[in-house]
Amino acid sequence: MPVKTIIQTVRDTLHEEMARDETIMILGEDVGLAGGVFGATKGLQAEFGEMRVMDTPLAESVIIGAAIGAALNGLKPIPEIQFADFILPAFDQVVSEAARMRYRSNGTWNVPMVMRVPWGGGIHGALYHSQSVEAFFAHVPGLKVVVPSDPYDTAGLLRSAIDDPDPVMFMEHKKTYRLVKGEVPDGDRYTVPIGKAEVKREGTDVSVFAYGLMLYNSLQAADALAAQGVSAEVVDLRSLQPLDRDTILESVRKTGKALIVYEDNLTGGFGAEIAATIAQEAFDSLDAPVRRLAGPDVPAMPYAHTLEDQFLPDIEKIATEIRLLAEY
Amino acid sequence: MPVKTIIQTVRDTLHEEMARDETIMILGEDVGLAGGVFGATKGLQAEFGEMRVMDTPLAESVIIGAAIGAALNGLKPIPEIQFADFILPAFDQVVSEAARMRYRSNGTWNVPMVMRVPWGGGIHGALYHSQSVEAFFAHVPGLKVVVPSDPYDTAGLLRSAIDDPDPVMFMEHKKTYRLVKGEVPDGDRYTVPIGKAEVKREGTDVSVFAYGLMLYNSLQAADALAAQGVSAEVVDLRSLQPLDRDTILESVRKTGKALIVYEDNLTGGFGAEIAATIAQEAFDSLDAPVRRLAGPDVPAMPYAHTLEDQFLPDIEKIATEIRLLAEY
Amino acid sequence: MATTDQDLTTATSMEDRHTPLGLSEEDLKRMYYTMVLARSLDERMWILNRQGKVAFVISGQGQEGAQVGSAYALRPDKDFFLPYYRDLTVALTAGMTARDLMLALFAKAEDPASGGRQMPGHYGHRAHNVVSGSSPIATQIPHAVGIAMAAQIKGEDTVAAVYFGEAATSKGDFHEGLNFAGVLKAPVVFICENNRYAISVPEKKQMSVQNVADRALGYGFPGVITDGNDVLDVYKAAKTAVDRARAGEGPTLIECKTYRIVPHSSDDDESRYRQKVEVEEWKQKGPIERMRQYLRGQGILTEDLEKNIQARVMEEVNDATEYADKAPYPEPDTLTKHVFAERS
Amino acid sequence: MATTDQDLTTATSMEDRHTPLGLSEEDLKRMYYTMVLARSLDERMWILNRQGKVAFVISGQGQEGAQVGSAYALRPDKDFFLPYYRDLTVALTAGMTARDLMLALFAKAEDPASGGRQMPGHYGHRAHNVVSGSSPIATQIPHAVGIAMAAQIKGEDTVAAVYFGEAATSKGDFHEGLNFAGVLKAPVVFICENNRYAISVPEKKQMSVQNVADRALGYGFPGVITDGNDVLDVYKAAKTAVDRARAGEGPTLIECKTYRIVPHSSDDDESRYRQKVEVEEWKQKGPIERMRQYLRGQGILTEDLEKNIQARVMEEVNDATEYADKAPYPEPDTLTKHVFAERS
Ligand SMILES: Cc1ncc(C[n+]2csc(CCOP(=O)(O)OP(=O)(O)O)c2C)c(N)n1
Ligand SMILES: Cc1ncc(C[n+]2csc(CCOP(=O)(O)OP(=O)(O)O)c2C)c(N)n1
Ligand SMILES: [Mg+2]
Ligand SMILES: [Mg+2]
């Protein structure tokens, strides 16, 4: 089986899907001639033409808004937002329009669209090229929010997102783009269902819930602790909306202890929802407080590496939290 | 002491503050000649002129953006967003600009500004005139979010917001505008500090946390249950960012049980943060799961009264939840 | 076409202006009927509101001419309509019925726009390509551009017509939409009903150009000023624009100079911001009056026909009202339906 | 002023063009020095990046003329400057120093713009009224309008100058800002450095008008096209605009036709979207070359002075580089500072 990076997987999957389904189109800034600032659409314009792989004006609200229109008229648009930070000017179109179209029309109109949103930090992107925006969107009924962490899931979830009749925010962690490699079956159009978490590492003492880059930090922390006799279970959430409450609760019922790791700001981050769910639904199984480890409550991740490093929950901080829980 | 409605209190406080401080200006849609769609700025333009009480074009992003500029140049702008639902087109200006200005400039530039945002449902406002938007903003470091629930706090918190050197989102629940009356001391420029919750009703069995309209539903539920021997403590959060964690935890440590009531969508609502905080910090005091009662996860509150009623956590639903916890 | 406000004089000439536009007498009668029906429905809505039977009305009175004149240039069920909340007459022209509108007013389950979920005035009907609208101003404009872009990609000759007030042209979504449409040469027609006010805010506080149409200069396609109370003037501009769009020549911005002769909505007190006399003046120049005069001058509208129309309209309005009044409200447990596609 | 691209020819005439504009020889030397300093700093930044000493560069090379020509029309420390990320020369003209810019490049604690928190190119300096900028394109435009509005309210004669690329004019914030400024007749000057590309996207995919300046037609104030590589042409337009603004006559949109002669940033591979020959052509028409020629023609720039300038510039660049290189990084525990005002 070929081994690919995440960014290569995104690109190849888009390529296959566009060849398979001619209603798919891509639009965004620099996605055409340049193939995207991360290369996710490299070569696609040459193959599928300027209308199906379209460089747009610099205007996120109309990128999403026009994609909504295209979806209403029978296409399956895949807008790319260059950096997650820049989806905020399109917030009204995403929240008031895409997410509410089906509901407000009593199920008669719908918006099948996949918004590709590169997010996350650790890449010296500073305040405006590092942000986590999942909490904003996973709070919005009518939107699906997926956060694949490895190449296999990236292909499988991207296909599911494309097959979905409703708007899906497809969040790709920038730092993992080239860092993470994995096997991706060729030829087989397999899918990974939206809304299913995956236990990436089984354990018995503490459950750790993460996604994106934090998944890898958590896995490494768990590895380090195994040597010290602490058995941490690590769950890759993969999808935040819908959230796989069953898998989460099952894990907590087994270990009795939960740590949620995310790089977004702590307060009001989506980890709060996971903690609240556990606190309500698994109370009787809990042997320790539900703990969260997250980015601090500062506007965003600074540029200077001294500050950027300090911002991110690293392996050591995660290991400390797990140990704390294990010893509780 | 005069008894006033909340809307009258907003209007009178704005009036007094503008007379006191000539750097204050108001801008927004229909705030001038018409005095605002809810009357919050009635008569102010006649007194303070068209430049200090300014009707703007219909464009929320520039209402907030220009207010930021005015704040940078020495004024204290108070933009009014006609309905909270319509702040979403200004999301980027609020989040990327107002909230990050101090941090990104290393403390050299700041944005003293009070955004008045009428929110909430139960007024037949349907999907786009009923929304709760506090979860979006209370998640954003650099913004303060206050949610006064009675006339006394409205005047006191509005003054604190005006005195604050940082951007404050001042959220007024529309349904309480004329519904809630209370005493407001005249003449005395008292303030209520931002970041302090208030125990509105003492109790011993269950702690209920709420704000806005839900505070009143919770108080009535508590009253009803008192007759049945259940003693509920009801805490008015008053401010979500900063959140008064001390008062919340103190209450839970006393009762051992917590219910959070909010009308926003359940998943990812700000109640999740409160639940997560309690689950982490008061674990040893908890005698029952932390429970949340909120609006369902549907895009927003529908117009038909059958659906609107079904959406809102009413007194009965709240009472049921409290009883459930008390009996746990 | 008129070029300034001063040119907006009541058409009194007896000359045949419709035949050169390709409009038959039948067309004119249909347009007229639709306007009268819209007005009567609209008036009934206010009555129902004053009677306490419905909570909210938002109205199109005074703007029927701009609406029917433009919408009539499109192909129902084939082209796309993106109306805004004053567009009763667009909705009717596109194929929605009096019952449809009354069902929405009463917030009944059978309302085809939203099943009673949205406030009245939020038109939508999938079968007729009337796209569901929301409340935030101007958000529908990018949708129309995207619909037109999809037609280009699919090689279909669909045109999208999108409606909005003059205040919507202050918003970013207007600019981003028109700019993108200009770059794409997309088959879309932008129709602005300039009724001079945004709730209380007069147009001179909304923009510093004299005409909304002037804004088209920044987008590289024509901006056309029409007398929005003259159905034929609007139709002429709309027909030209739709033909242009269908021929691949790109978008047009059409400004219809008109006036709303009722308060902004049933929650509005218009005495705060305008004089009765101004409203009365505009009522005299109303689009229905103007068309009636024209049709009479052309011998198309006899007294008998007028009576017949009035009677049919009344019947339709009564039927719609009764039907909607009796129809059931949405069941409470449908609250959680249609958030996502139902799982099969 | 030039009106089309074709008019942008290299000034070869020997006529004195600066005295009629009120510019002294000292002024010209200052402007020239600032451009040369900006260019040398900029080139050093790329070298430092290629050496692996700094992670990121975003550059203003080729646009120095548009920048100094416009910024020089404002009063440092009194008027407000809202530069965008290519505006090294604006920052320097407004009073920031070479050290300031290098401190930001190295992300050091002493960086007056952000204390190393933002990426390089995010200028800001409170003492010099250089407003802190962010990365999202065009958000600074409404701020400039608000700053100008505040000046009107306070009765002060402050003018705000705000900078952006041509792609920023596609965004809603551009439109909303210019529209509001037009209504207010606010003392603000909008300066667009049209360098023909938004990363890889050429201007014809960004807009369907020929000139950014054409967009002003929708806002009721002048839009002026300048040869952005001719400092005096830009200065003339900027001076007129600033005077207009200060006199209460309202805003101006100035388009500076120019070109960036380096990749978008140190992360960009420009071979994907443009030909080397195109870049080379524009290098020949560069603003520094153009001004050097003019100054020589006027006998203002002698060979000695040129050498002297080069030497001073090198010293400044070396000093700034060394200083910034040695300066300390922000302490990790300052991460949580300045979210809100510190409690007293
Ligand atoms: C984004 C947004 N802001 C504010 C409102 C509230 N509002 C509803 S209609 C309206 C005025 C619209 O004026 P115009 O576009 O001229 O249309 P008209 O009502 O005059 O037909 C306002 C401010 C809204 N619906 N959406
Ligand atoms: C809202 C937003 N979207 C996308 C980006 C990414 N981006 C940074 S610069 C740029 C191009 C800007 O082009 P232009 O305005 O012409 O300025 P130039 O770089 O050419 O000077 C883009 C797309 C951004 N910073 N902000
Ligand atoms: Mg209007
Ligand atoms: Mg450019």
Side-chain angles (χ1 to χ4, degrees), chain B residues 27-39 42-43 45-46 50 54-63 65 81-83 85-90 92-93 123-131 265-267 295-312, chain C residues 54-56 104 106-109 111 114-120 122 133-139 164-175 197-203 205-208 264-265 267-274 328-340:
Chain B
L27 69 169
E29 296 154 10
D30 305 290
V31 298
L33 205 52
V37 296
F38 297 104
K42 211 164 149 182
Q45 187 179 70
E50 287 194 24
M54 187 189 285
D55 281 320
T56 64
L58 199 163
E60 282 75 10
S61 190
V62 82
I63 291 173
I81 297 296
Q82 201 162 79
F83 287 83
D85 317 59
F86 305 139
I87 202 168
L88 302 191
D92 195 37
Q93 283 291 347
I123 57 147
H124 311 310
L127 303 183
Y128 297 99
H129 297 78
S130 304
Q131 290 176 45
N265 308 118
L266 177 78
T267 297
D297 284 340
V298 309
M301 200 175 303
Y303 183 61
H305 65 87
T306 46
L307 301 175
E308 188 182 49
D309 293 349
Q310 178 80 357
F311 185 102
L312 280 168
Chain C
V54 303
F56 183 78
F106 280 89
K108 294 303 176 71
D111 154 32
S114 83
R117 288 171 171 201
Q118 292 216 71
M119 293 176 94
H122 290 66
S134 64
S135 306
I137 296 288
T139 50
F164 44 87
E166 82 288 352
T169 73
S170 298
K171 266 201 90 220
D173 272 347
F174 167 84
H175 175 69
Y197 289 91
I199 309 185
S200 73
V201 181
E203 62 180 317
K205 293 206 170 174
Q206 200 66 241
M207 62 191 97
S208 60
H264 170 73
S265 76
D267 290 342
D268 181 34
D269 168 13
E270 66 180 2
S271 74
R272 295 174 304 174
Y273 58 86
R274 66 182 183 185
Y329 284 106
E331 289 296 327
D333 67 4
T334 62
L335 175 70
T336 52
K337 282 229 165 4
H338 303 307
V339 177
F340 295 109

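Just so we're on the same page: letters track the sequence lines, and every chain starts at 1.
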*What part of Glu270(C) lies closer than 4.5 angstrom to a heavy atom of chain B: side chain, backbone, both or neither?*
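Neither the backbone nor the side chain of Glu270(C) comes within 4.5 Å of chain B.
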*Select one option (side chain, backbone, both, neither) describing which atoms of Phe106(C) are under 4.5 Å from chain B's heavy atoms.*
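For Phe106(C), no heavy atom lies under 4.5 Å from chain B.
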[X] versus chain C, the contacting section by heavy-atom distance below 4.5 Å:
X	answer
Asp85(B)	neither
Asp309(B)	neither
Phe86(B)	side chain

[atom1]/[X] to [atom2]/[Y] distance, rounded to the nearest 0.5 angstrom?
X	Y	atom1	atom2	result
Phe56(C)	Ile123(B)	CZ	CD1	10.0 Å
Thr334(C)	Gln310(B)	OG1	CD	8.5 Å
Tyr303(B)	Asp111(C)	OH	CG	11.0 Å
Ile199(C)	Leu33(B)	CD1	CG	13.0 Å

_If we ignore hydrogens and angles and just use 3.5 Å, is the side chain of Thr306(B) paired with the main-chain N or O of Pro330(C) as donor and acceptor?_
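Yes: the side chain of Thr306(B) pairs with the backbone of Pro330(C).
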*Determine yes or no for a side-chain-to-main-chain donor-acceptor pair under 3.5 angstrom, with Gln206(C) supplying the side chain and Leu58(B) the backbone.*
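Checking the backbone N and O of Leu58(B) against the side chain of Gln206(C), a donor-acceptor pair under 3.5 Å is found.
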*So, for Arg117(C) and Leu307(B), which heavy atoms are closest and what is the spacing to 0.1 Å?*
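That would be CG-CD1, 4.0 Å.
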